[in-house]
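Throughout, residue positions are numbered sequentially from 1 according to the sequence presented. Nothing here was measured: the structure is a model prediction, and the numbers come from that model. Order of appearance sets the numbers: ligands from 1, and atoms from 1 within every ligand.
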Amino acid sequence: MRSYTSFVEPSPIIAPSILAADFAHLADAVHDIEGAADWVHVDVMDNHFVPNLTLGLPVVQSLRKATVIPFDVHLMITDPERWAPGYAEAGAYNVTFHAEACENPVALAKTLRAAGAKAGLAIDRDTPVEPYLELLPYVDTLLIMTIKAGFGGQKFMPEMLEKVRDVRRRIRAKNLEVRLEVDGGISADTIEQAAEAGADAFVAGTAVYGAADPAEAVRKLKALAERATIRV
Ligand code: DX5
Ligand code: ZN
């Protein structure tokens with residue numbers, strides 16, 4: 001089994017989303033991708049910020065004990081200032097909150113880092129990225145939604161890649177250490193274009209847990225992303 005001691009590496013990261021797994025067997029779902037995936041993506045939805053409702057802190061705390069793979073927690077919730085630090089304290093590797101739900105992203109990122117996690121800022125489909133480019137030095141992850149946040153299994157929106165290009169340009173120009181993550185509709189058919197646009201972390205729900213062999217699906221996605229990254 002590969003080790004997870006070196007979390008931030010220049011190679012592309014694949015983060016399977018357990019939203020597409022069987023919620024009665026989440027520990028098994030995580031074990032299925034251990035050794036192949038870099039992070040596991042945990043979608044927290046509160047039925048307020050998005051209409052859907054998934055899981056919360058108690059599930060993350062229990063699941064954290066079941067695996068060593070780093071957790072990439074994606075909070076699709078209102079009032080992240082109140083709830084996000086709990087996920088950092090529960091041992092999440094990266095905690096991402098939405099720009100649309102947060103009054104002071106820089107302050108929350110600082111709180112998350114102080115609690116021992118990486119801090120991520122997410123930009124939903126209908127939100128322009130330009131106003132947030134200046135916040136890049138204060139976060140560890142910038143997540144661009146390539147769908148409207150709320151549900152798995154939606155169709156990838158290539159027009160969102162313009163945002164990815166803008167962010168990558170700024171990361172390069174300022175020589176920043178920020179992971180650029182895409183989330184929504186990532187599959188063997190779409191991951192290369194996202195990598196070419198500059199993404200270096202890829203969430204995949206349906207493409208991993210809808211496959212007969214989730215670990216093999218992860219390896220395939222990683223190989224495609226690596227190849228596309230080398231091309232650019
Ligand atoms: C949706 C979530 C995604 C979702 C992606 O709002 O943020 O992480 O699990 O699912 P797929 O990969 O099926 O589009
Ligand atoms: Zn997500």
Open item on the list: Quick test of your reading of the structure: of Asp72, Leu143, Asp183, whose heavy atom lies closest to atom 7 (O) of ligand 1?
Closed with: Asp183

TODO: Could you list which atoms of ligand 1 come closer than 4.0 Å to a heavy atom of Met76?
DONE: 6 (O), 7 (O)

Open item on the list: Using a 4.0 Å cut-off to any heavy atom of Ala149, which atoms of ligand 1 qualify?
Closed with: 6 (O)

Open item on the list: If you measure every N or O of Asp43 against every N or O of ligand 1, does any of those distances drop under 3.5 Å?
Closed with: yes

Task: Test item: Pro158 and Gln193 side chains (from C-beta on) under 4.5 Å apart, heavy atoms - done: yes

Task: Backbone N/O of Asp126 and side chain of Asp124: donor-acceptor pair under 3.5 Å - done: no

- [ ] Output the list of atoms in ligand 1 that are nearer than 4.0 Å to some heavy atom of His41, sorted by atom number.
- [x] 8 (O)

- [ ] Identify, for atom 10 (O) of ligand 1, the protein heavy atom at the shortest distance, and state residue, atom and that distance.
- [x] Gly152 CA, 3.6 Å

Task: Exercise: do Thr141 and Asn94 side chains pair donor with acceptor under 3.5 Å - done: yes

Task: Numbered atoms of ligand 1 (with element) below 4.0 Å of His74, judged on heavy atoms - done: 7 (O)

Open item on the list: Checking a contact table here: which protein heavy atom is nearest atom 14 (O) of ligand 1, and how many Å away?
Closed with: Gly185 N, 2.8 Å

Task: Within-4.5 Å side-chain heavy-atom neighbours: Tyr93 and Asp72 - done: no

Open item on the list: Below a 4.0 angstrom heavy-atom separation, can you tell me which part of Phe156, side chain or backbone, both or neither, approaches ligand 1?
Closed with: neither

- [ ] Would you mind naming the N, O or S atom of Asp183 nearest to the Zn ion (ligand 2)?
- [x] OD2

- [ ] Check each atom of ligand 1 against the heavy atoms of Gly184 and keep those under 4.0 Å away; list them by number with element.
- [x] 14 (O)

Task: Heteroatom of Asp43 nearest to the Zn ion (ligand 2) (N, O or S, atom name) - done: OD1

- [ ] Verify, without hydrogens or angle tests, whether Thr190 (side chain) and Phe156 (backbone) share a donor-acceptor contact under 3.5 angstrom.
- [x] no

Task: Heavy-atom donor-acceptor pair, Tyr132 side chain to Ile123 backbone, under 3.5 Å - done: no

Open item on the list: Donor-acceptor pair, distance only, cut-off 3.5 Å: does the side chain of Asp183 make one with the backbone of Met145?
Closed with: no

Open item on the list: Using a 3.5 Å cut-off on N or O atoms only, is Gly150 in polar contact with ligand 1?
Closed with: yes

- [ ] May I ask you to check whether Gly205 has an N/O atom sitting below 3.5 Å from an N/O atom of ligand 1?
- [x] yes

Open item on the list: Against Asp166, only a single residue in Arg168, Lys163, Arg169 fulfils salt bridge (Lys or Arg N to Asp or Glu O under 4.0 Å); can you say which?
Closed with: Arg169

TODO: For atom 1 (C) of ligand 1, find the nearest protein heavy atom and state the residue, atom name and distance (0.1 Å precision).
DONE: Phe151 O, 3.6 Å

Task: Parallel, tilted or perpendicular: rings of His98 and His74 (30°, 60°) - done: parallel

Task: His74 atom (N/O/S) at minimal separation from the Zn ion (ligand 2) - done: ND1

Open item on the list: Under 4.0 Å, heavy-atom basis, I'd like to know which part of Thr206 is in contact with ligand 1: side chain, backbone, both or neither.
Closed with: both

TODO: Give the numbers and elements of all ligand 1 atoms closer than 4.0 Å to a heavy atom of Val203.
DONE: 8 (O)

Open item on the list: Just to confirm my output: which protein heavy-atom neighbour is closest to atom 9 (O) of ligand 1, and how far is it?
Closed with: Ser17 OG, 2.8 Å

Task: Cluster check Ile186, Val208: I/L/V/M/F/W/Y, side chain < 4.5 angstrom - done: yes

Task: Any donor-acceptor N/O pair, Thr146 side chain to Met157 backbone, under 3.5 Å - done: no

Task: Met45 N/O to ligand 1 N/O under 3.5 Å - done: no

Open item on the list: Checking contacts here: is it the side chain or the backbone of Ala204 that comes within 4.0 Å of ligand 1, counting heavy atoms only? Could be both or neither.
Closed with: backbone

Open item on the list: Within the supplied structure, the quantity of interest is the number of heavy atoms (other residues, nucleotides, ligands) at a distance under 6.0 Å from Glu103 CD; does it exceed 12?
Closed with: no

Open item on the list: So for atom CD, which belongs to Glu130, do other residues, nucleotides or ligands contribute more than 12 heavy atoms lying within a distance under 6.0 Å?
Closed with: yes

